[in-house]
Amino acid sequence: MIDKIEYNGRTYLRISAVEATEMGIPKSVVQAASKRQQWTDIRTRRDALLRACDYAVMPDYPLTDDQLAEVKAYRQALRDIPETAGDPDAVEWPAKPEVLA
């Protein structure tokens, strides 16, 4: 499901790729909207993973220096996903450190 497609001055909300194609929206427009949707979904997942480990970088959370460095590296890898992955189909999610399990 694609949240939004804009074409010929019209906005289509919550439409499938099949429906959009059947309505005469060019395949290239549908594919571009689909890619944007994939990136939105990736960022949503990434943001949830970051929020889920916010507690671990608080100054009073009991981690060793090595554990904290591992958590920070994980969080940075999550933040870098949109810049390092050229294609949403090729996103490689970093491994969650054991200390967060």
Subject >> Taking every non-hydrogen atom, the tightest pair across Leu78 and Pro82 >> reply: O-CD, 4.1 Å
Which atom pairs, donor and acceptor, lie under 3.5 Å between side-chain atoms of residues 87-95 and protein residues at least two apart or in another chain?
{"unit_1": "Asp87", "atom_1": "OD1", "unit_2": "Lys35", "atom_2": "NZ", "d": "3.0"}
{"unit_1": "Asp87", "atom_1": "OD1", "unit_2": "Asp89", "atom_2": "N", "d": "3.2"}
{"unit_1": "Asp89", "atom_1": "OD1", "unit_2": "Gln38", "atom_2": "NE2", "d": "2.8"}
{"unit_1": "Asp89", "atom_1": "OD2", "unit_2": "Lys35", "atom_2": "NZ", "d": "3.4"}

Subject >> Nearest-0.5 Å distance that lies between atom CG in Leu63 and atom CG in Leu68 >> reply: 6.0 Å
Subject >> Qualifying residues under side-chain hydrogen bond (donor to acceptor under 3.5 Å, both in side chains), relative to Gln76, sequence neighbours excluded >> reply: Arg79, Asp80
Subject >> Within 6.0 Å of CE in Met1, more than 12 heavy atoms from elsewhere >> reply: yes
Original post:
What pairs of residues pass the side chain to side chain donor-acceptor pair (under 3.5 Å) test when at least one of them lies in residues 39-53, not counting sequence neighbours?
Top reply: Gln37-Asp41
Original post:
For Ser28, which residues count as a side-chain hydrogen bond (donor to acceptor under 3.5 Å, both in side chains) partner, sequence neighbours excluded?
Top reply: none
**OP:** List, by chain and number, the other hydrophobic cluster members for Ile15, where Ile, Leu, Val, Met, Phe, Trp and Tyr join if side-chain heavy atoms come within less than 4.5 Å, directly or indirectly.
**Re:** Ile2, Ile5, Tyr7, Tyr12, Met23, Ile25, Val29, Val30
Original post:
Any salt bridge (charged side-chain N to carboxylate O under 4.0 Å, His left out) pairs touching residues 53-76, not counting sequence neighbours?
Top reply: Asp54-Arg75
Original post:
Can you name the side-chain hydrogen bond (donor to acceptor under 3.5 Å, both in side chains) partners of Ser16, sequence neighbours left out?
Top reply: Glu19
Subject >> Co-members of the apolar cluster containing Val18 [side chain, <4.5 Å] >> reply: none
Subject >> Residues that Glu6 engages under salt bridge (Lys or Arg N to Asp or Glu O under 4.0 Å), provided they are two or more places apart >> reply: Lys4
Original post:
For atom CD of Glu98, is the number of surrounding heavy atoms from other residues, nucleotides or ligands below 6.0 Å larger than 12?
Top reply: no
**OP:** Return the set of residues passing salt bridge (Lys or Arg N to Asp or Glu O under 4.0 Å) with Arg14 (not counting sequence neighbours), or none when no residue passes.
**Re:** Asp3
Subject >> Of all pairs that satisfy ring-ring contact (aromatic ring centres under 6.0 Å, His included), the ones with a partner from residues 56-84, not counting sequence neighbours >> reply: Tyr55-Tyr61
